[in-house]
Amino acid sequence: MFKILFIGDIYGQPGRRIVKEHLPALTEEYAPDLVLANGENAAAGFGITPPLVEELLGLGIAVLTSGNHIWDKKEILPYLAEHADGRLLRPANYPGDSPGHGIYLGKTRAQVPYAVMNLQGRVFMPAIDCPFRTTDLLLERIPPEVKIRILDFHAEATSEKMALGWYLDGRVTAVVGTHTHVPTADERVLPGGTAYITDLGMSGPYDSVIGVEKRSVIEKFLTQIPVRFDVAKGDVRLSAVLIEADAGDGRARSIQRLMRR
Ligand SMILES: [Fe+2]
Ligand SMILES: [Fe+2]
């Protein structure tokens, strides 16, 4: 059985620390063939820098996905442009000349080929290209021998995420949602063999509003005046899923939520 560990949005220094602390034990316990993570909030909640990409990949994460926050740290733009086949993805459905790319084709240490895709939703989010049609185009580019196909759908609306899950059922191994930073309890394997969860949840401080120090967020809602968002500190958790799939046909057999503190 092929095992994939997918870690939800790594939020700031607390998120990086909890992943560093728990990944060795998780790796020992579950022996994943592939470790993936969303890194869009690794740099103090907003974006990711080249040194942080290297730091997270150095922990044994094979590919980093991202989302709307990928553009926050300006130094990541030339990095994305220069690492055209790199292991940091941005959503594939940003307009054509945006730096970076949204699909990675690789092989595990045991030489099992896999594909990781990153798409972003459009409901309550920037009006980028259609994630459904863009995924169709990406799937055409994946060689038929690549059976393990994992997609991070970075989106706000549960309806859009579920719809993409059903749209891709039987065509990919897994559709996992990210972006809301709140883990959902709806993990399941769809009838066609696609593992699905609406949101992985955040790896970061849960004594917060989606990672941000909660007083400043409440202040913002009360006054509507822009405030500085600092990374919260308390109740740090790692949130992830473990997916088991048949490497022969790429169908998922199980998906389970994991949380560590
Ligand atoms: Fe995020
Ligand atoms: Fe996001």
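Bear in mind the structure is a predicted one, so any value in this text is a computation, not a measurement. Ligands are counted one by one from 1 in listed order, and the atoms in each one are counted from 1 as well.
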D9 backbone acceptor or donor facing S203 side chain under 3.5 Å:
no
### N118 (side chain) donor-acceptor with S66 (main chain) under 3.5 angstrom
yes
* Is the NZ or CZ atom of R171 both under 6.0 Å from the centre of the six-membered ring of Y167 and within 45° of that ring's axis? -> yes
- Message: So that I can check it, does any N, O or S atom in N68 come closer than 2.8 Å to the Fe ion (ligand 2)?
- Response: yes
Q: Please find out if the Fe ion (ligand 2) and some N, O or S atom of H69 are separated by less than 2.8 Å.
A: no
Considering only heavy atoms from C-beta outward, does the side chain of V189 approach that of R253 to under 4.5 Å? no
Rounded to 10°, the NE2/H154 to the Fe ion (ligand 2) to ND1/H179 angle comes out at 90°
Tested for side chain to side chain donor-acceptor pair (under 3.5 Å) against D207, the lone hit among K233, K214, R237 is K214
ang(OE2 E40, the Fe ion (ligand 1), NE2 H181) rounded to 10° is 160°
N41 OD1 to D9 OD2 via the Fe ion (ligand 1), rounded to 10°, gives 100°
